[in-house]
Amino acid sequence: MMQPVAGVAPPPAPMAAQPAMDQQQWGMMAPPQPVWNQQPQPQQQQQQQQLAQYQAAQPASADEIRTLWIGDLAYWMEESYLHSCFAQTNEVVSVKVIRNKQSGQSEGYGFIEFVNRSAAERNLQAYNGTPMPNVADQTFRLNWATLSSGERRSDESSDFTIFVGDLASDVTDYTLQETFRVQYPSVKGAKVVTDRDTGRSKGYGFVRFADESEQVRAMTEMNGMFCSTRPMRIGPATNKKSMVSSKGKIIYPFIIFYIWLNFSLVGCCLSIVEFYGKWLILILIYASVCWVVIACEIS
DNA sequence: CCTGAGCGG
């Protein structure tokens, strides 16, 4: 097995043909211009100084989310590739590609840490869904990184989401978000669900609100309103919070509830068991097992 | 195309 050479260029796609293609792809997709693109390019030293000043002026708080998750990475896309994609912004703190511990092969995703949250936000808006350099027919798949389990906030659950269907094919995360943000300032973000193979919109998506009252209002006020060329169909988003096994067969809280219920029943009946005899205990245990089995089958 | 799918040290 031949190991890929470290670098930004994939084996089948030479760098030579790249600059012109980059221009064309970026021009066609017309991503929103981030702030750093509107400034004249200074010298390297000045850039470093500006970065230092920027970080000093807006220090990132310790609990600020400023890391993006990136997926759909090809095996040859290493840290150097990701750096070449984002480092020009001078806002990247670190990049990391997650690899299999045994084989060392990329797991196909990684993390990009920025100097602060707003920098991460700008890059997320600018790059998500736009073509990746040096590869045909692939777009950046970016999202906010979830906090690792240890530092996850307990009160973070202010997440009120609506489902938006009947979307036109040209609606992006950004346009969907802005459609709602003009009326509902608490909009935290929007996501259009796309087909992983084609990259095309599946015609539906989700909008998240920080404020529950705005979520409720939007459910009625925005239903039938136009986003791009078509009216939206809005409904409540099904909660993805409940733990579901990979095949969606077992709902754990459901089972835990049944186990608790059955133990409670057994406990209550133990107090009167002397009047009915010890065989009742066996019957109750048998019934409890049956209930759990039935609960599993139903769910 | 009509209720997403991926997250380390």
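Basis for what follows: all heavy atoms, side chains included, without hydrogens, waters or symmetry-related copies. Throughout, protein chains are lettered first and strands after them, A, B, ... in sequence-line order, and every chain is numbered starting at 1.
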Nearest-angstrom distance from the residue atom CD1 of A:Ile112 to P of B:dG6:
19 Å

What's the CG-P distance between A:Asn100 and B:dG9, to the nearest Å?
11 Å

Check ring-ring contact (aromatic ring centres under 6.0 Å, His included) between A:Phe163 and all other residues, then give those that pass, not counting sequence neighbours.
A:Tyr204, A:Phe206

Gap between atoms CZ and C1', on A:Arg99 and B:dC7 respectively (whole Å):
16 Å

Classify A:Asp195 by what it touches in the nucleic acid, base, sugar-phosphate, or nothing, heavy-atom distance under 4.0 Å.
nothing

Remember a base hit wins even if backbone is also touched, and classify A:Ser169 as base, sugar-phosphate or nothing at under 4.0 Å, heavy atoms.
nothing

Of all the choices, B:dG8, B:dC1, B:dG6, which nucleotide is nearest to the side chain of A:Ala145 once you look at every atom?
B:dG8

Per side chain to side chain donor-acceptor pair (under 3.5 Å), A:Tyr184 is matched among A:Glu214, A:Glu221, A:Arg217 by A:Glu221

Starting at atom CD of A:Glu113, determine the distance to atom P of B:dG9, rounded to an integer number of angstrom.
15 Å

Nearest to the side chain of A:Phe163 - B:dG6, B:dT3, B:dG9?
B:dT3

I want to check one thing: is the phosphate of B:dG6, taken as OP1 and OP2, less than 4.0 Å away from some side-chain N or O of A:Lys191?
no

Ring-base stacking, A:Phe111 with B:dG8 (5.5 Å, 30° cut-offs):
yes

Thinking salt bridges, do A:Glu79 and A:Arg99 make one under a 4.0 Å N-O criterion?
yes

Counting any heavy atom closer than 4.0 Å, what does A:Arg196 reach on the DNA or RNA strands: base, sugar-phosphate only, or nothing?
nothing

Under 3.5 Å, is there an N or O donor on one side and an acceptor on the other linking the side chain of A:Asp72 and the base of B:dG6?
no

For atom NZ of A:Lys96 and atom P of B:dC7, their distance in whole Å:
15 Å

